[in-house]
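Accompanying notes for the structure given below.
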There are 2 protein chains.
Amino acid sequence: MAARGRPRQFDRQEALRKAMDLFWRKGFDNTSIADLTDRLGLSPPSLYAAFGSKEQLFREALDLYAQTDGSGIWNHLETAPTAKEAVHRLLRATAERYTASNPARGCMIVLSAPQMEGGNTAICGELKARRQENVIQLEERLRQAVEEGELTPATDVAALASYFATVQQGMSIQARDGASRETLLAVADYAMAAWGTAP
Amino acid sequence: MAARGRPRQFDRQEALRKAMDLFWRKGFDNTSIADLTDRLGLSPPSLYAAFGSKEQLFREALDLYAQTDGSGIWNHLETAPTAKEAVHRLLRATAERYTASNPARGCMIVLSAPQMEGGNTAICGELKARRQENVIQLEERLRQAVEEGELTPATDVAALASYFATVQQGMSIQARDGASRETLLAVADYAMAAWGTAP
DNA sequence: CATTATTTATAGCAGTCGATATATAAATTC
DNA sequence: GAATTTATATATCGACTGCTATAAATAATG
């Protein structure tokens with residue numbers, strides 16, 4: 001049973017991907033409705049009918065990012081054989097992804113809305129929650145490593161997770177500022193020196 | 001010889017400091033002229049007569065930041081007895097400053113304008129240049145350490161500088177997201193494990 | 001005093017923002 | 001075919017943006 005009225009003349013998923021690219025490159029505030037309608041080839045009413053609002057469109061684009069480009073980084077926490085190898089792969093994947101122009105350098109979740117007062121509070125909160133969720137994933141993988149004996153029980157799991165998160169998030173800044181892939185891969189390797197040490 | 005016309009009824013330096021606070025907390029785009037005139041207690045014409053434009057006011061506020069809060073972090077590169085101690089102090093000072101509410105968590109140069117397309121290109125470029133200048137300072141201090149024998153000549157100075165810059169800049173994100181002072185101090189200590197290792 | 005110079009407050013400029021009212025076009029259902 | 005439903009394009013809406021023209025207020029200068 002086909003839809004009742006006039007069929008939509010654009011591919012919703014393709015439009016969503018283009019919106020993700022725009023938000024990723026320009027951020028939430030700097031991407032205007034006019035930017036979106038131009039790039040997506042839609043009129044404003046079509047965009048609003050399909051996605052609700054700029055904020056809802058951003059949230060959908062964020063989900064798409066997390067399921068595609070973002071996933072390729074954080075899934076290593078679950079697939080690598082050891083915790084050390086997991087973190088190493090996570091950081092090296094970060095270095096590679098953030099320096100591929102796909103379509104923007106750095107992480108959409110870190111860069112697309114500055115964590116500031118005065119902006120869109122809901123969007124900033126959503127991005128912050130996703131960043132913290134990644135830190136918690138890291139923390140849980142490290143805690144598991146302690147339980148399995150890969151790390152000493154004296155390990156300050158929270159601090160170590162924050163350290164690796166600091167490096168992972170800092171790479172977004174370095175990537176946007178033009179750091180090369182080789183440099184960021186070396187950064188990932190340097191970062192691993194903290195493994196097994198007590199601060 | 002006093003000024004000729006009607007004297008200005010506000011303290012320019014105090015107004016500048018308040019503007020710095022606002023830009024630091026809310027960023028360049030999210031701080032409107034209305035925000036500034038409200039907080040500084042000025043009418044728009046007074047603000048423009050004293051500072052020229054929003055962009056020029058931001059640049060002055062940025063200079064003030066670099067000379068005050070920013071300086072307290074990076075001056076350790078020149079004052080510490082060894083390069084290792086210099087970097088360690090730099091990172092620990094970062095942890096302490098970014099977690100003091102003075103008036104905002106994290107670094108104004110990293111956070112106050114997202115390095116994005118579509119925003120104020122000149123401002124973004126200015127902030128990027130200042131970040132890169134810090135990386136170069138780090139790099140030169142490490143190169144000096146190689147020359148003095150503190151680091152082995154095989155050291156990849158550029159990559160090591162990028163690594164410490166990554167940690168230093170990443171702390172801005174962690175601080176804005178609520179990381180505690182103790183956690184960031186531990187991050188600074190963990191980061192030093194890379195000293196003297198080859199990636 | 002009158003003149004000149006500078007700052008002040010009021011009001012509003014043109015432009016952009018996100019979002020929509022209205023009317024037309026294109027499909028299914030009856 | 002007529003009626004219904006949905007998508008489209010045009011033309012805005014009110015609110016806000018950075019910024020400024022105008023004129024009143026307050027000082028030194030002559």
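Below, chain A is the first sequence line, B the second, and so on; all start at residue 1.
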Between B:E55 and B:Q9, whichever has its closest DNA chain D nucleotide further toward 5' is B:E55
Going by atom type alone, with no hydrogens or angles, which donor-acceptor pairs under 3.5 Å involve a side-chain atom of residues 184-199 of chain A and a protein atom two or more places apart or on another chain?
{"from": "A:D189", "atom 1": "OD1", "to": "A:H88", "atom 2": "NE2", "distance (Å)": "2.7"}
{"from": "A:D189", "atom 1": "OD1", "to": "A:R92", "atom 2": "NH1", "distance (Å)": "3.0"}
{"from": "A:D189", "atom 1": "OD2", "to": "A:R92", "atom 2": "NH1", "distance (Å)": "3.1"}
{"from": "A:T197", "atom 1": "OG1", "to": "A:A194", "atom 2": "O", "distance (Å)": "2.8"}

note: B:Y48, atom OH; C:dG12, atom P; distance rounded to Å ~ 19 Å
Under 4.0 Å, counting only non-hydrogen atoms across every strand here, what does B:P45 touch: a base, just sugar-phosphate, or nothing?
base
Sorted by position of nearest nucleotide on DNA chain C, 5' first, the leading residue of B:R8 and B:P44 is B:R8
Atom CG of A:L47 and atom P of D:dT6 are separated, to the nearest Å, by 19 Å
What residues 26-36 of chain A contributes to the DNA chain D interface at heavy-atom separation below 4.0 Å is none
Rounded to the nearest 0.5 angstrom, the OG-CZ distance for A:S46 and A:F10 is 6.0 Å
Rounded to whole Å, the NZ-P distance (B:K54 to D:dT17) equals 9 Å
Q) How would you label the contact of B:P7 with the nucleic acid (heavy atoms, under 4.0 Å): base, sugar-phosphate, or nothing? A) sugar-phosphate
Assess whether a salt bridge exists between B:E96 and B:R89, defined as any Lys/Arg side-chain N lying under 4.0 Å from an Asp/Glu carboxylate O.
no
Regarding A:K26 and B:E117, does a basic nitrogen lie under 4.0 Å from an acidic carboxylate oxygen? no
| task | Given salt bridge (charged side-chain N to carboxylate O under 4.0 Å, His left out), test A:K18 with A:E14 step by step and report yes or no. | result | CA-CA 6 Å; A:K18 288 180 181 174; A:E14 183 186 344; 3.5 Å; yes
Report task. May I ask you to evaluate whether B:R6 reaches the phosphate of D:dA25, defined as a side-chain N or O under 4.0 Å from OP1 or OP2? Result -> no
A:F10 atom CZ is separated from C:dA26 atom P, nearest whole Å, by 17 Å
Legend entry - Neighbour count above 12 (heavy atom, 6.0 Å) for A:K84 NZ: no
note: B:L40, atom CG; D:dG18, atom C1'; distance rounded to Å ~ 16 Å
So CE of B:M116 and CH2 of A:W24: to nearest 0.5 Å the spacing works out to 11.0 Å
* Could you tell me whether the phosphate oxygens of C:dT7, OP1 or OP2, come under 4.0 Å of any side-chain nitrogen or oxygen in B:S46? => no
Kindly say if B:R4 contacts the phosphate of D:dT29, meaning a side-chain N or O under 4.0 Å from OP1 or OP2. no
